[in-house]
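The structure appears below as structure tokens.
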There are 2 protein chains.
Amino acid sequence: MDMSERKLQILQAIILNYLETAEPVGSRTISRRFLMDLSSATIRNEMSDLEEMGLIEQPHTSAGRIPSSKGYRLYVDQLMKRDTVDDQQVGILMNLLKDKTVQLDSLLREIGDLLATLTKYTTVVTMPQLKRSKLKHLQLMPLDEHSAILVLVTDGNIVRNHVIPLQHPMDSTSLYKISDVLNQELSGLSVAQMDLPLIQKIKRELNVDSEVMESLLDAISDTLQHADDGDVFTSGTTNILSFPEFSDIARARSLMEFLSQKDQMLHLISTEEKTSGPGLKIRIGTENQIEQLHDCSIVTANYRYGDRTIGTISVVGPMRMDYQKVVSALEGLMQDFPDLFFTGGGHNAITQEDTNGRET
Amino acid sequence: MDMSERKLQILQAIILNYLETAEPVGSRTISRRFLMDLSSATIRNEMSDLEEMGLIEQPHTSAGRIPSSKGYRLYVDQLMKRDTVDDQQVGILMNLLKDKTVQLDSLLREIGDLLATLTKYTTVVTMPQLKRSKLKHLQLMPLDEHSAILVLVTDGNIVRNHVIPLQHPMDSTSLYKISDVLNQELSGLSVAQMDLPLIQKIKRELNVDSEVMESLLDAISDTLQHADDGDVFTSGTTNILSFPEFSDIARARSLMEFLSQKDQMLHLISTEEKTSGPGLKIRIGTENQIEQLHDCSIVTANYRYGDRTIGTISVVGPMRMDYQKVVSALEGLMQDFPDLFFTGGGHNAITQEDTNGRET
DNA sequence: TGTTAGCACTCCTCTCGTTCGAGTGCTAAC
DNA sequence: GTTAGCACTCGAACGAGAGGAGTGCTAACA
């Protein structure tokens, strides 16, 4: 079956109306609100075709139609207007953040909050993983007799700190001295590179013989190896409760619990990250592998440091979500923070990994 | 009307049964399940009295009774068993945390998570405020040409960091030197004490004349003054969705949104903090000032550093909550971390501020 | 005097049938 | 190709009625 211009108009009308009302859309509604020069009967025929193509579906016989995952996919890829980026509030608010020298993690948090309030959906931000970050500066600080604090400044001015156990008390002067040496040896390297062999090498080079020093180095290396805090920041989860598709409390609960399980989210989104190019990535309904997300859509942007992707910012909402608004917001964000995003792709940058959706 | 032993038994039976079922309790149920030697008619008479005393209430004429705020208050103050503390799982799990030298804030987070999973309610932990904390150690670290990082270690090994703008680039050696001086001057003081006059004094003492130095000190003082991050950590919010009293999604939403507004929570709980003594504090239903919490109860423990209260750990649940379990869990916690809590009060430490509840 | 059986009454909840209306598919006419 | 008309479907809304849990009151009993 071929795809006429009119069919596309009708599909778009259904999507628009369903976005507003969250109720199945009937032929009459479209005839009155969108295509006044056509009768409902004509539209009925076209809708029948659209259903056969798998772009819309019928909850039950005597109901209107709702868009399917495939329908939304077509809308997002071909129909959606992509040029209204900057007359959003985004720009104004973003500018507030832009000027300050900030730490990447708090910037990301603020962006997450902002996107959640702006879109009224839920945002999920994966924080940069320590292991993949490069060390800028390192500093040992005295804490008490049994421990010191190791402060790490990495890419994007993120500050992390860990308690390091001490075999024997050490004063701040010696801690400073060690810090200096370690800085020379380690800064510029990624944390993942700071493995045992490297530490051994440092030990040899420094001709470390004192037991104290040796145990300290071991403790540091141990801490770095085990510090894998792929943190996830979520904002706007309560927005979920205002969508009619989640008026069933069990559904709402299952989704919210899923979103609050950091490890799961991390796993989910980090698999996405690998597959996607510079632009936005949209996953619609059943395109999501995970059961709980089958009636949700996720729009994801990767953020970078230098030329490496180091994390993602996602907006999660019902499949019915206002894709245009979400995409605009994210693209506005990407324009406003060119240092944080790849900006190669431009308009046609929306990518889709593989169409292994499970529509009928 | 006088309060017979039997009336208390009946009240307790109602509370117990309502905790389990979340449904109004009838006289017949009590006669069968709790007081088999009394007929339902007798119990009806007693229940009528209890209602007149305002301890229980009737949702509608032909329904059973549910406990009122006042009823729960009496239960908590007089009836509840208080001795089964340590056969809980608490102890075992807590021990995992106890050994390590940890930072207070992450310890509190873990405690919050633990209490939420243990009680199946929601926990709210207010983090120590920077202003009220004492400085242990301070360190400036180079970041880039325009900024340095100020790392503060305070009471409880909490590490905070702030970006400090620099007028001119400074190398790490000079930053170390300044750190040393500031450490001598400031460590041991509370952050609130580090106000402008003190900074001025330091400037004079150091005979600071260089513009660079002066602007740096100003920036530090400015940062400290404006850093008021009374953070709130919440865990187990989704548990709310499993209580029948919040099966109405609007109610659930209103509560969850309230709990996620950090500033509001902070305000709410910090007013509690002032009024309460060493032990646990329980606020039941309408005893809460805030509308959204009128059918919730909150059990709060203050935690301390040295002899100052610096924050609170609260469990929030429906008014029907299992007070005994929650109190046990919190008291177990307090026993396991004697450094973190005042342990003067002991058993009768539950306090109540003022009985301005609004029961009929 | 306290306890209990009995009974009328209330009122919520559940179920079932009915109606209503939105929407469809099909057919025939334009 | 478009449209009017019509029969049909099916969910949502409504109301009546049954059922049941629970109460309060009264009268009898120990």
Side-chain angles (χ1 to χ4, degrees), chain A residues 1-11 13-15 17-18 20-68 71 244-245 247-248, chain B residues 1-11 13-15 17-18 20-68 244-245 247-248 360:
Chain A
M1 194 167 311
D2 59 336
M3 194 59 172
S4 68
E5 176 63 24
R6 198 168 66 184
K7 281 197 177 55
L8 290 176
Q9 283 184 329
I10 291 173
L11 176 61
I14 293 172
I15 288 175
N17 206 267
Y18 188 60
E20 272 180 45
T21 63
E23 307 253 298
V25 187
S27 55
R28 189 89 207 295
T29 313
I30 297 179
S31 152
R32 265 180 318 182
R33 287 200 47 190
F34 297 92
L35 296 163
M36 269 117 64
D37 48 341
L38 288 179
S39 82
S40 65
T42 312
I43 292 174
R44 268 205 294 286
N45 290 328
E46 297 283 45
M47 282 167 83
S48 182
D49 293 353
L50 285 171
E51 183 165 10
E52 210 174 309
M53 291 188 243
L55 297 172
I56 58 180
E57 41 196 38
Q58 220 174 354
H60 55 84
T61 325
S62 70
R65 307 301 214 291
I66 61 175
S68 68
E245 32 269 273
S247 63
D248 175 22
Chain B
M1 193 169 310
D2 58 336
M3 195 60 173
S4 68
E5 176 63 25
R6 197 168 66 184
K7 281 195 177 57
L8 289 176
Q9 283 183 330
I10 291 173
L11 175 62
I14 292 173
I15 287 175
N17 207 267
Y18 188 60
E20 272 180 44
T21 63
E23 306 253 297
V25 187
S27 54
R28 188 91 207 295
T29 313
I30 297 179
S31 152
R32 265 180 318 183
R33 288 200 45 190
F34 298 91
L35 296 163
M36 269 118 64
D37 49 339
L38 289 178
S39 82
S40 64
T42 312
I43 291 173
R44 266 205 295 286
N45 289 328
E46 297 284 45
M47 281 168 83
S48 182
D49 293 353
L50 284 170
E51 183 165 10
E52 210 174 308
M53 291 188 243
L55 297 172
I56 57 180
E57 40 197 39
Q58 220 173 355
H60 55 84
T61 324
S62 69
R65 307 300 214 290
I66 61 176
S68 68
E245 31 269 273
S247 63
D248 175 21
T360 39

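In what follows, every chain begins at residue 1, and chains take the letters A, B, ... in the order their sequences are listed. Not measured: the values here are computed from a predicted model.
Phosphate contact (OP1/OP2 of D:dT23, side-chain N/O of B:Arg65, threshold under 4.0 Å): present. Contact between the side-chain N/O atoms of B:Ser27 and the OP1/OP2 oxygens of D:dT23 is found at a separation under 4.0 Å. OP1 or OP2 of C:dT4 lies within a sub-4.0 Å distance of a side-chain N or O belonging to B:Ser39. Taking 4.0 angstrom as the limit, B:Arg44 places none of its side-chain polar atoms (N or O) nearer than this to OP1 or OP2 of C:dA5. Between A:Thr61 and D:dC10 there is a side-chain N or O to OP1 or OP2 distance below 4.0 Å.
Distances were taken from every side-chain heavy atom of A:Leu38 (C-beta onward) to each of D:dG24, D:dT3, D:dC10; the shortest belongs to D:dT3. Taking every side-chain heavy atom of B:Gln58 into account, D:dT23 is the closest of D:dT23, C:dG23, C:dT24. The side chain of B:Thr42 has C:dT4 as its nearest neighbour among D:dG22, D:dT9, C:dT4.
Within the shown strands, C:dA5 is the pairing partner of D:dT26 under the Watson-Crick or G-U definition, both distances less than 3.5 Å. Applying the Watson-Crick and G-U wobble criteria (two distances, each under 3.5 Å), C:dC30 pairs with D:dG1.
Distance CD1 (A:Ile43) to C1' (D:dG1): 14 Å, rounded to an integer number of Å. To the nearest angstrom, P of D:dG5 lies 16 Å from CG of A:Asn45. Whole-Å rounding puts the A:Asp49 CG to D:dT2 P distance at 11 Å. In this structure, B:Glu51 atom CD and D:dG24 atom C1' are separated by 11 Å, rounded to whole Å. Regarding B:Leu35, its CG atom lies at a distance of 14 Å from the C1' atom of C:dT3, rounded to whole Å. The CD atom of B:Glu57 sits 15 Å away from the P atom of D:dT23 (whole-angstrom rounding). At whole-Å resolution of the value, NE2 in B:His60 and C1' in D:dG20 are 12 Å apart.
For the pair B:Ile43 and B:Ile10, the minimum side-chain heavy-atom distance is below 4.5 Å.
Listed for the B:Ser31 side chain is a donor-acceptor partner under 3.5 Å among the backbone atoms of B:Leu38. Although no hydrogens or angles enter the test, the distance criterion places a donor-acceptor pair under 3.5 Å between the side chain of A:Ser68 and the main chain of A:Gly54.
The salt bridge (charged side-chain N to carboxylate O under 4.0 Å, His left out) test with A:Asp49 singles out one residue from A:Arg65, A:Lys7, A:Arg44, A:Arg6, and that residue is A:Lys7.
B:Ser4 approaches B:Glu46 most closely through the heavy-atom pair OG-OE2, 4.1 Å.
When each of B:Ala41 and B:Ser62 is assigned the nucleotide of DNA chain C bearing its nearest heavy atom, the one mapping closer to the 5' terminus is B:Ala41.
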